[in-house]
Structures are given as C-alpha cells and as structure tokens.
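Below you'll find the structure, written out as structure tokens, and then a few comments.
A quick note: this is a predicted structure, and the numbers were derived from the prediction, not measured.
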Amino acid sequence: MDYFYQDQIRWNLGFDNPNHAAAFIAALLPFLWLLGRLGKSDRPIFRMACQIPAGAMLLAGWGLLGLTISRSGLVAAVLAFAWSGFYTFSSWKDFFVRRGMWVLACAALLAATGIATRTATTAFDPDASATNRLVLWKGGLEMLAIAPQGVGAGNSGAFYMNWLQPLESQAGYRTMVNSYLTFLTEYGVWAGMLTGFLALAVVLVCLPDLRGASRARDAVTACHASLMAFATAGFFSTTMETAWVWLPALFSLLLLGYSTYRYGRTTRMGIGAALALAAILAAGIVAGLWSSGWILRINQPVQMHYDGPALLLQNGLNGSDLRREIYVQPNEAIMGGTYGKGIRRLFHGIPLSIRVCQSDIPSSEAAEWGVVTGRRGESFPAARSLMLLAPEILSEEETRALLSSYESLVIILPGFDEDGRVAYWRETAANNFGKIQIFSLPEFGNDFSQAWPIIAEYFRKILEK
C-alpha cells in the first residue's frame with residue numbers, strides 16, 4: 001500500500017507503513033553516529049577511514065528518514081541526537097565547524113525531502129492526521145476506564161469505532177495509533193504495569209560504571225539514544241507491532257547488559273533502588289492513564305461497563321433509574337464493523353440499558369427487547385419481544401419455537417431477496433398476522449452496515465410507543 005503526503009509518495013522501504021520504517025531508521029542512526037565516534041585515533045588515516053564511511057552512511061540514513069516523510073520518525077531521531085549531543089558536546093569544541101557542517105547537511109536533506117516542512121506545519125496548522133490522534137487517544141484513555149482488563153488482542157480500534165468514536169466521524173482505525181495505548185487497551189492495565197516494570201527495570205539495572213572507559217561511554221550513549229528513538233516513535237504510532245523495529249532496541253539492551261557485565265554496575269543507584277523506581281514509575285504511569293480515563297467518563301450521558309463477553313451500556317435520563325432492557329447479539333456481516341454507532345443512536349431521549357454480547361446472554365429475567373442479526377433460533381436471547389435483522393431461513397420447528405417464545409416479532413428485511421429469506425419471512429408474517437411486523441429496507445441487501453441510522457430511528461419509534 002502506498003502512502004502520500006500531498007502529491008509526494010512516502011517511502012516505506014519494505015515496511016507496512018512509512019512510520020514503521022522511520023522508527024527503525026531513527027533507532028539505527030545513533031549506531032551510525034557511534035561508528036564515527038569509534039575512529040578516535042591519533043593516526044589521521046585510520047580516523048578518516050572510520051569517520052568518512054560512517055558520515056556517509058549517517059547522511060544516507062537521514063536522507064532515507066526524510067523520504068518517509070514521517071513526523072514521528074523525525075521527532076524521534078532529533079531527540080535521540082539531542083541526547084547524544086548533550087553527552088558529547090564537550091568534544092565538539094575542537095571540531096565545531098566540521099560537525100556544524102554535518103548538522104547543516106542533514107538539515108538540508110530533511111528540508112529537501114519534505115519531512116521538515118510537514119513537521120513544522122503540524123506545529124502551527126495541524127492536519128486531520130494529527131488532530132484525529134488527539135480524539136482517538138482520548139477515547140483510548142476512556143477505554144482503560146471502561147475495560148481495565150483489556151478488550152482483547154487486535155480489538156482496540158474496533159472497540160473505539162463502535163462505542164467511543166463520535167457518531168459523525170468516518171475515520172477507520174485498527175489500533176490506537178500509539179503503541180502504549182494499544183497494548184494497555186488490548187491487554188489491560190495489569191499487563192501494562194508488569195510490562196512497563198520489566199522494561200524500565202532492564203534499563204535502570206543495566207547502568208555500567210563508565211569511569212575511565214570513554215569508548216564504552218559512547219556506546220552506552222548510542223544505546224540510550226536508540227532506545228529513546230524507539231520509545232518516542234512508538235508514542236506517535238503503533239510501530240512496536242513490527243518485529244524489525246525492535247531490532248535496534250534489543251541490540252541496545254544486549255549491549256547495555258554486556259557493558260554492565262564487563263565494566264561493573266554504577267554505584268549511583270543500587271539494584272534494589274532501581275527495581276523500586278521501575279515499579280513506582282510503571283504503576284504511577286499506568287494508574288495516571290487509567291485515572292485520566294475515569295475522569296473523562298464522569299458525567300457521560302451513556303455509561304459503559306465491559307466484563308469480557310458482554311458490554312453494558314446504560315443511561316439514566318434526567319436522573320431516572322428506570323431503564324428499558326435490551327439485549328443485542330451483533331453480526332458484523334450484516335450490521336457492519338461499526339454497528340455500535342447505530343446502537344448508541346437509540347439512547348437519544350430514551351432511558352435504556354443495552355447489553356451487547358456476541359454469544360448467548362445468560363439472564364434470570366427476560367429483557368423487554370432482543371435484537372438479533374442473521375442468527376439461528378437456538379441463539380435467540382431471553383426477551384419479551386424480538387427484533388430480527390435480515391434473519392436466516394429457519395426450519396418449521398425453529399419457526400414454531402420462535403413464535404411461541406416472544407410476544408411480538410419485528411423483522412427488518414432487505415429490499416433485495418438474495419437468498420430467499422425475504423420471501424420466506426413475508427410468507428411467515430402473512431400466516432401469523434398480528435404477531436410479526438415487517439419493515440423493509442428497499443435500497444439495501446443483506447448488508448445493513450449503511451442502514452443503521454434508518455434502523456435506529458425505526459426502533460426508537462417502537463420504543464417511544
């Protein structure tokens with residue numbers, strides 16, 4: 001898949017996404033810088049033999065980064081080199097002009113490729129890609145409060161679009177476009193705390209004693225810069241789902257571990273203190289994110305609770321605790337991937353309690369309504385009345401059981417009879433006059449994904465009677 005910025009193609013360099021390619025390059029650049037730093041010899045020929053190829057590769061790396069036109073990659077790389085420069089700036093005094101020229105050359109490459117222009121423009125006039133992230137991340141924080149145990153691997157984008165995305169928005173998401181929020185919302189806050197603790201513990205424990213080891217100091221600086229680039233890029237996109245992006249970070253951790261083993265560990269912070277700090281930081285960050293989501297959910301008109309198999313949505317209109325119970329068993333093949341938006345439309349002006357579950361919903365008390373899509377008879381929920389969306393053709397025995405189980409049936413049928421179900425249910429309704437009410441969608445087939453506003457409005461009228 002090709003990505004574009006305006007009319008300019010964004011290079012993905014074999015990755016699925018240019019942002020992932022940029023994350024890999026940004027984390028690799030500090031090691032190209034390290035190659036040049038290793039050529040600190042009194043012999044000019046040896047020094048040039050190291051620094052010239054390293055400088056050429058570094059320029060090429062910045063150029064490839066620019067061709068991705070990835071703002072997150074540029075920010076990650078700049079922060080990484082700011083870290084490196086901070087720890088090595090004292091050595092610039094002898095070659096300030098030469099190194100300044102390298103910086104200008106890299107800046108010229110970034111300007112020529114368009115990445116610098118796009119990043120600078122975002123700071124003053126954010127485009128939809130940037131502003132949508134803020135709305136999405138807000139929803140991600142709310143997801144932590146709704147489902148602190150996680151919504152399951154690969155489900156974060158779909159959960160957001162169904163239950164938290166503004167109804168008018170048509171943007172599609174697979175993840176939270178943030179590696180950390182994606183992991184937390186899918187695997188839960190406890191998994192996030194444990195993973196965060198382990199990652200921080202490795203970094204804080206692997207702090208080598210570098211007194212008198214200048215070359216090792218450069219290597220450790222490069223490792224920390226690479227990890228910083230890796231972490232920064234992951235904040236702005238879901239880059240950590242790509243295995244190749246992890247290679248520079250894993251190499252950094254291995255090199256830090258080896259340096260700690262060879263030179264000994266620093267005496268500035270004991271191992272116990274490092275582990276305690278990692279635990280405090282991991283727990284504090286995750287708890288802060290969860291608390292932010294909880295605060296965002298306060299006073300929301302529709303409250304949600306996710307307990308794994310089912311999602312409960314409730315509103316108390318004007319403080320009323322009286323809610324009409326509805327059970328919904330969705331089917332994306334008929335209702336579409338964002339069926340939740342249609343369900344949320346039902347809440348406007350009506351106190352409701354809606355439980356959404358892919359499987360059978362156990363209940364000791366029948367709900368007022370059940371809503372089922374394309375399901376067979378044995379999976380219908382316990383309810384007094386039932387709405388069927390494009391139901392399948394049932395056997396005679398299943399049809400008799402269905403008619404005897406509910407006070408009334410409302411059947412939403414497609415306008416095009418693709419497989420005989422329309423004719424079957426119209427005949428069944430004619431034979432059971434007064435028991436079954438038929439509502440047809442003349443412009444749709446069995447796929448109702450675009451018909452939800454019509455269905456929701458029709459159902460609302462039924463509920464208001």
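The shortest side-chain heavy-atom distance between Asn178 and Ser237 does not fall under the 4.5 Å cut-off. Proximity of Leu275 to Ile271: side-chain heavy atoms (C-beta onward) are separated by under 4.5 Å at one or more points. Put simply, the side chain of Leu167 reaches to within 4.5 Å of the side chain of Arg345, judged on heavy atoms. Counting heavy atoms from C-beta on, the side chains of Ser353 and Leu312 come closer than 4.5 Å. Between Pro18 and Ile69 the shortest side-chain heavy-atom distance does not fall below 4.5 Å. Two residues are said to be in side-chain contact when any heavy atoms from C-beta on lie closer than 4.5 Å; Arg355 and Tyr327 meet this criterion. For the pair Ile412/Leu388, no side-chain contact is recorded, criterion being any heavy-atom separation below 4.5 Å from C-beta on. You'll find the side chain of Trp294 reaches within 4.5 Å of the side chain of Ile298, heavy atoms only.
Below 30°, between 30° and 60°, or above 60°: for Trp163 and Tyr339 the angle between ring planes is above 60°, a perpendicular geometry.
When all heavy atoms of Ser72 and Phe236 are compared, the closest pair comes out as CB-CB, 3.3 Å. Considering every non-hydrogen atom in both Glu186 and Ser156, the closest pair reads OE2-OG, 2.7 Å. Closest approach of Ala219 and Leu255 over heavy atoms only: CB-CD2, 4.2 Å. For the pair Ala282 and Leu200, the tightest heavy-atom approach, listed with the atom from each and the gap, is N-CD1, 3.9 Å. The shortest heavy-atom contact between Asn162 and Gly337 is ND2-O, 3.0 Å. Residues Gly257 and Cys206 share a closest heavy-atom pair of CA-SG, 3.9 Å.
In this structure a side-chain-to-backbone donor-acceptor pair under 3.5 Å is missing from Asp209 to Tyr263. Judged by distance alone, the side chain of Trp452 and the main-chain N or O of Met335 form a donor-acceptor pair under 3.5 Å. Not a single donor-acceptor pair under 3.5 Å links the side chain of Tyr187 to the backbone N or O of Val151. No side-chain donor-acceptor contact under 3.5 Å links Ser252 to the backbone of Ser226. Between the side chain of Ser169 and the backbone N or O of Gln165, no donor-acceptor pair lies under 3.5 Å. Put simply, the side chain of Thr232 never gets that close to the backbone of Ala229: no donor and acceptor are under 3.5 Å apart.
Between atom CD1 of residue Ile326 and atom CD1 of residue Ile343 there is a gap of 9.5 Å, rounded to the nearest 0.5 Å. A distance of 5.0 Å separates CD of Glu142 from CZ of Arg297, quoted to the nearest 0.5 Å. Here the CG-CG distance, from Leu34 to Leu58, works out to 11.5 Å after rounding to the nearest 0.5 Å. Here CG of Leu136 is found 7.5 Å from OG1 of Thr175. Values are rounded to the nearest 0.5 Å. Rounding to the nearest 0.5 Å gives a distance of 8.5 Å between CZ of Arg133 and OH of Tyr173. The CG atom of Leu181 sits 9.0 Å away from atom CE of Met143, with the distance rounded to the nearest 0.5 Å.
Remark: Glu443 CD is loosely packed, at most 12 non-hydrogen atoms of other residues, nucleotides or ligands lying under 6.0 Å away. Environment of CD in Gln450: sparse, with no more than 12 heavy atoms of neighbouring residues, nucleotides or ligands closer than 6.0 Å.
Residues Tyr160 and Trp137 keep their aromatic ring centres 6.0 Å or farther apart. Checked against a 6.0 Å centroid threshold, the rings of Phe251 and Phe31 count as neighbours. In summary, the aromatic rings of Tyr306 and Phe159 are positioned with their centroids under 6.0 Å apart. For an aromatic pair to be called close, the ring centres must be under 6.0 Å apart, and Phe416 with Phe444 fails this.
Using modelled atom types, one finds a donor on one side chain and an acceptor on the other under 3.5 Å when comparing Ser70 with Asn19. Residues His20 and Thr239 bring no donor and acceptor atom of their side chains to less than 3.5 Å of each other.
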(message) Apply side-chain contact (heavy atoms from CB on, under 4.5 Å) to residues Val302 and Arg344 and explain how you reach the verdict.
(response) CA-CA 9 Å; Val302 178; Arg344 283 189 284 152; 5.8 Å; no
(request) Under the side-chain contact (heavy atoms from CB on, under 4.5 Å) rule, what do Phe24 and Phe230 come out as? Steps first, then yes or no, please. (result) CA-CA 8 Å; Phe24 177 77; Phe230 171 77; over 6 Å; no
(request) Tell me, with the steps shown, if Thr260 and Leu207 meet side-chain contact (heavy atoms from CB on, under 4.5 Å). (result) CA-CA 6 Å; Thr260 304; Leu207 293 176; 5.7 Å; no
(request) Evaluate side-chain contact (heavy atoms from CB on, under 4.5 Å) for Leu311 paired with Met304, printing each intermediate quantity in order. (result) CA-CA 7 Å; Leu311 174 70; Met304 304 181 192; 4.2 Å; yes
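The pair Lys341-Glu168 fails the salt-bridge criterion, with no side-chain N (NZ, NE, NH1 or NH2) lying under 4.0 Å from an Asp/Glu carboxylate O.
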